[in-house]
J.: 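The structure that follows is given in the form of structure tokens.
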Amino acid sequence: MWLFNRKGPSGFSFSNTAEDVTHGIDGTGLTAIVTVVLVLRLHVRVLAMRGVHVVMGVRNMAAGKDVKETILKENSSAKVDAMELDLSSMASVRKFASEFKSLDLPLNMLINNAGVMACPFMLSHDNTQMQFATNHLGHFLLTDLLSETMKSTARKSSIEGRIVNVSSEVHRFAYKEGIRFDKINDQSEYNQLWAYGQSKLANILQANELTRRFKEGGVQITANSLHPGIINTNILRHHSLIGGLSFTLGKHAVKNVQQGDQQRAMSRYIQMSKA
Ligand SMILES: NC(=O)c1ccc[n+]([C@@H]2O[C@H](COP(=O)([O-])OP(=O)(O)OC[C@H]3O[C@@H](n4cnc5c(N)ncnc54)[C@H](OP(=O)(O)O)[C@@H]3O)[C@@H](O)[C@H]2O)c1
Ligand SMILES: *[C@@H]1O[C@H](CO)[C@@H](O)[C@H](O)[C@H]1NC(C)=O
Ligand SMILES: *[C@@H]1O[C@H](CO)[C@@H](O)[C@H](O)[C@H]1NC(C)=O
């Protein structure tokens, strides 16, 4: 336990929440897009509390409205919006991006979090294997379509932009050859878990490459993939809102490991992949 309660160089330990970590930070004037899921509800709330305008990209608009109402009940001046986004459809991603652009808002953070996990073989709207389509291609296109807005925000505001991909430790369990570029849609050798790992590995490689290109082009945007351990320590140094977010997400994961839940999670994945 001591290991996880020990304070890091930032002065925070694993038991701190996003609220603790972002205490005193004013996010007024910042805008974030979150492709939202359950785990992140909490973080949408914390971002909104710190004054950030949060735009949630959700497939299920009823759930999105629900999160929005809950937050507004607590703070009627919070800026939260829900907009429809189905990451498994390129058309939906394009529609979301153009609707967002028509709002003429800045964009400081993009949190790519939604995902499908170890689903049976199926094809997306665009006939691509579902996990690769949702977890990787959808977010890839979204990031690409919004990157000009992010670049111009970073330029005008002199605030470094952030792209965070919620990846997974499971990226280690991809296919033997990593990403099977020529077999993405091959059903005969499809493995639900490995296909999930493959999509998450793609996220990480993508983030690394984009960060390299941003650096090369002198663009003030950092792309991070988040999975327990590595990003936490990286992000702790920044003390930013996004650091707080990632920190708490990481905390969940570490807690799971702590509690021996990792085994259970793995067996869940494996059960799902056999189902
Ligand atoms: N939970 C873990 O143990 C774990 C571990 C490591 C990494 N992760 C990663 O953490 C992230 C969140 O996972 P979670 O456990 O919170 O997942 P979750 O509860 O299963 O939620 C998945 C979310 O993604 C959304 N989604 C799925 N397909 C979508 C699509 N085509 N378009 C838009 N949204 C879509 C779902 O929307 P609906 O509500 O409409 O279904 C749901 O909100 C994922 O990227 C996951 O890979 C999770
Ligand atoms: C309420 O929301 C506003 C606008 O986002 C924010 O500036 C303020 O700090 C929030 N107040 C509380 C108590 O969370
Ligand atoms: C991950 O981040 C990069 C930006 O670094 C983005 O281009 C990419 O599409 C993101 N998402 C996925 C799911 O790969």
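Each ligand, and each atom within it, is numbered from 1 in the order the structure gives.
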J.: Listing by chain and number, which residues have a heavy atom under 4.0 Å from ligand 2?
T.: Ala48, Met49, Gly51, Asn75, Ser77, Ala78

J.: Which pairs, with at least one residue in residues 180-190 and sequence neighbours excluded, count as a salt bridge (Lys or Arg N to Asp or Glu O under 4.0 Å)?
T.: Glu177-Arg180, Arg180-Glu189, Lys183-Glu189

J.: Once rounded to the nearest 0.5 Å, what's the spacing between atom CZ of Arg59 and atom OG1 of Thr134?
T.: 7.5 Å

J.: Which distance, rounded to the nearest 0.5 Å, do you find between the CE of Met150 and the CD of Glu160?
T.: 10.0 Å

J.: Could you check Thr143, Asn135, Asn203 and say which one makes a side-chain hydrogen bond (donor to acceptor under 3.5 Å, both in side chains) with Asn112?
T.: Thr143

J.: Determine whether the side chains of Asn75 and Ser77 contain a donor N or O and an acceptor N or O closer than 3.5 Å.
T.: yes

J.: Between the side chains of Thr128 and Asp126, is a donor N or O closer than 3.5 angstrom to an acceptor N or O?
T.: no

